[in-house]
Amino acid sequence: MTVFDNYDLSARNTFRMKVRCARFVEYDSAEELEALDFGALPQPVLAMGGGSNLLFTGDFPGTVLHGRIGGIRVAAETPDGGVLVEAGAGVVFDDLCAWAAARGLWGLENLSLIPGEVGAAAVQNIGAYGVEFKDVAVEVRCLEVATCARRTFRVEECAYGYRESLFKRPEVKGRYIVLSVLLRLSRAATPRLDYGNIRAALGTDAPAGPADVREAVIRIRNAKLPDPAEKGSAGSFFKNPVIPQEHFARIEALTRAELGPEATVPHYDAGGMVKVPAAWMIERLGFKGLKAGNAAVWEKQPLVLVNDTGAAAPEEILALERRIIDAVQEKYGIELHPEVEHI
Ligand code: EPU
């Protein structure tokens, strides 16, 4: 275990905010975590993964905990080609995707290259290209902070929804720390190619293996998302809003009045409601590529806000966020909600 006081978090958050925490504790096993005297730590306590989906809005007065519980192992195989895989919460999620693809195991290929670690993936229900974490999850194994007891949640108990989970609910948040997850992957081919341009990027309807789909997804992501090594960001900054049909019809009418009767508004069915890509609205409002001091709206994917110069202060990102929320509200009557957690 490593412990630092007054710790600089800039290398620990992908937005590269130059902020500090009172204490930073990094543990290597569930046993080390269990042995921690939580009450004696500077409060509050924040369990963090790769820091790829959060925005520190200032110095953090408490303790940041980071787990390095590694390990990927096959726990069991089923006669129908199912492969149960356990992965430690500290495993880099894309390392797990690469591990599975290299072994011909289907299930994680669409989630390739999403930044962050396995534990955070389970909390956040990460998703991309028509697949979410919940689609492969079987169990999430946790430590309950108050009692130091181990607790296993079956996927049905995790209340997963679009970027939502039990672990994010206000009454549960912070109560559990993920130790490992159990996933169900498959030796039988289960390609999911229907989302967006994945089929076109792949160039075939019948990929030989999950590694082919993984490569296509990596190509798409690299073409439109900032390289984390070069530009600080936290991926999609906002969630895509889900609105009633009537509201969508009004947006469509507005767009046709502006662009002509043939104009279309991109959208997806969301169980009787309509999901509208926030990226589309942000682009229509002229924000794509906009620079605001040291912050900017990413030029190839406006759902992503970036620390453009590397010197952006939290206030600059927050001001840009506010501008976008206000503009979308005013024009489309939709309140955008950040996907990125504000700390
Ligand atoms: N669009 C534009 N202009 C742009 C880019 C996109 O109008 O410059 C419109 C297009 O109509 C496009 C649509 O937005 O079809 C959707 O764009 P994209 O496929 O890039 O996905 P997204 O809805 O912006 C979501 C996830 C991403 C995930 C992609 C692909 C959220 C909040 N984000 O973004 O997840 O990679 O779909 O599945 O749901 C993340 O969470 O950090 C993340 C990257």
Side-chain angles (χ1 to χ4, degrees), residues 13-15 49-55 93-94 97 108-117 120-135 160-165 168 192-202 213-214 216-228 231-243 248 251-252 255 258-259 263-270 274-290 296-306 321 324-325 328 331-332 334 336-341:
N13 72 100
T14 60
F15 240 132
S52 56
N53 197 51
L54 45 80
L55 173 65
F93 195 83
D94 188 56
C97 296
L108 292 170
E109 59 285 352
N110 291 37
L111 302 178
S112 293
L113 217 60
I114 295 182
E117 297 171 1
V123 171
Q124 177 71 6
N125 189 25
I126 61 169
Y129 305 105
V131 176
E132 292 182 344
F133 174 83
K134 72 168 172 53
D135 300 328
Y160 282 130
Y162 170 56
R163 302 295 195 271
E164 289 299 341
S165 76
K168 291 180 78 174
R192 278 146 303 176
L193 312 176
D194 292 327
Y195 185 97
N197 48 352
I198 195 164
R199 196 170 252 119
L202 187 65
V213 181
R214 172 174 165 77
V217 167
I218 288 175
R219 273 199 300 279
I220 299 173
R221 290 188 72 100
N222 279 339
K224 69 177 184 185
L225 296 174
D227 177 353
K231 214 47 105 180
S233 90
S236 300
F237 195 92
F238 299 102
K239 291 186 199 176
N240 286 325
V242 176
I243 58 174
F248 178 72
I251 292 177
E252 210 164 36
T255 307
E258 286 177 353
L259 299 176
T264 55
V265 178
H267 61 283
Y268 314 95
D269 174 55
V274 185
K275 188 186 266 193
V276 186
W280 178 84
M281 291 185 277
I282 298 169
E283 176 167 0
R284 285 288 303 143
L285 284 157
F287 282 107
K288 190 170 178 171
L290 179 108
V297 179
W298 184 238
E299 61 214 16
K300 295 183 197 145
Q301 174 32 301
L303 199 55
V304 178
L305 305 189
V306 295
E321 171 188 20
I324 293 172
I325 290 175
V328 170
K331 177 153 185 173
Y332 295 110
I334 291 177
L336 285 187
H337 294 284
E339 192 211 50
V340 169
E341 193 181 352

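By convention here, the first residue in the shown sequence is residue 1. Note that ligands are numbered from 1 as they come in the structure, with each ligand's atoms numbered from 1 the same way.
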Short list, please: which atoms of ligand 1 are under 4.0 Å from a heavy atom of E283?
2 (C), 3 (N), 4 (C), 7 (O), 8 (O)
Within reach of ligand 1, part of Y268 (heavy-atom separation under 4.0 Å):
side chain
Verify atom 4 (C) of ligand 1: protein non-hydrogen atom under 4.0 angstrom away:
yes
For ligand 1, which atoms have a heavy atom of E339 less than 4.0 angstrom away?
32 (C), 41 (O), 42 (O)
Considering residues at least two apart in sequence or located in another chain, which fulfil the salt bridge (Lys or Arg N to Asp or Glu O under 4.0 Å) criterion with K300?
none
Please report whether ligand 1 has a polar contact with K239, defined as an N or O pair separated by less than 3.5 Å (distance criterion only).
no
For G127 and R163 the tightest heavy-atom approach is O-NH2, 3.1 Å
State the atoms of ligand 1, each with its element, that fall below the 4.0 Å cut-off from a heavy-atom position in G127.
35 (O)
Could you tell me which atoms of ligand 1, counted from 1 in the order shown, lie closer than 4.0 angstrom to a heavy atom of K300?
8 (O)
If hydrogens are left out, which of F237, Y129, Y162, F238 has an atom nearest to atom 39 (O) of ligand 1, that is, the closest non-hydrogen atom?
Y162
The reported gap from CD1 in I218 to CG in D94 (rounded to nearest 0.5 angstrom) is 5.5 Å
Measure the distance from atom 40 (C) of ligand 1 to every protein heavy atom, then report the residue, atom name and distance (to 0.1 Å) of the closest one.
S236 OG, 3.1 Å
Find all atoms of ligand 1 within a distance of less than 4.0 Å from any non-hydrogen atom belonging to K224, and give their numbers and elements.
18 (P), 19 (O), 20 (O)
F15 side chain near L305 side chain, heavy-atom distance below 4.5 Å:
yes
Per-residue contact class, P277 against ligand 1 - non-hydrogen pairs under 4.0 Å
side chain
Shortest non-hydrogen contact between E258 and K331, atoms and distance
OE2-NZ, 2.8 Å
Would you please classify the geometry between the Y160 ring and the F133 ring as parallel, tilted or perpendicular, with 30° and 60° separating the classes?
perpendicular
Counting from 1 in the order shown, the ligand 1 atoms closer than 4.0 Å to a non-hydrogen atom of G235 are 42 (O)
Assess whether salt bridge (charged side-chain N to carboxylate O under 4.0 Å, His left out) is satisfied between E299 and K231, documenting all intermediate values.
CA-CA 12 Å; E299 61 214 16; K231 214 47 105 180; over 6 Å; no
Going by the atom numbers of ligand 1, which of them fall below 4.0 Å from some non-hydrogen atom of P266?
11 (O)
Compute the minimum heavy-atom distance from A278 to ligand 1 and say whether it is under 4.0 Å.
no
For R221, take its heavy atoms, then give the atoms of ligand 1 lying under 4.0 Å from any of them.
36 (O), 44 (C)
Give me the ring orientation class for Y195 and Y268: parallel if the planes are under 30° apart, tilted from 30 to 60°, perpendicular past 60°.
parallel
Min heavy-atom dist R284 to ligand 1 below 4.0 Å:
no
Give the minimum heavy-atom separation between P302 and E283, together with the two atoms involved.
CG-CB, 4.1 Å
Option set N197, L111, V297, N240, criterion heavy-atom distance to atom 23 (O) of ligand 1, minimum
N240
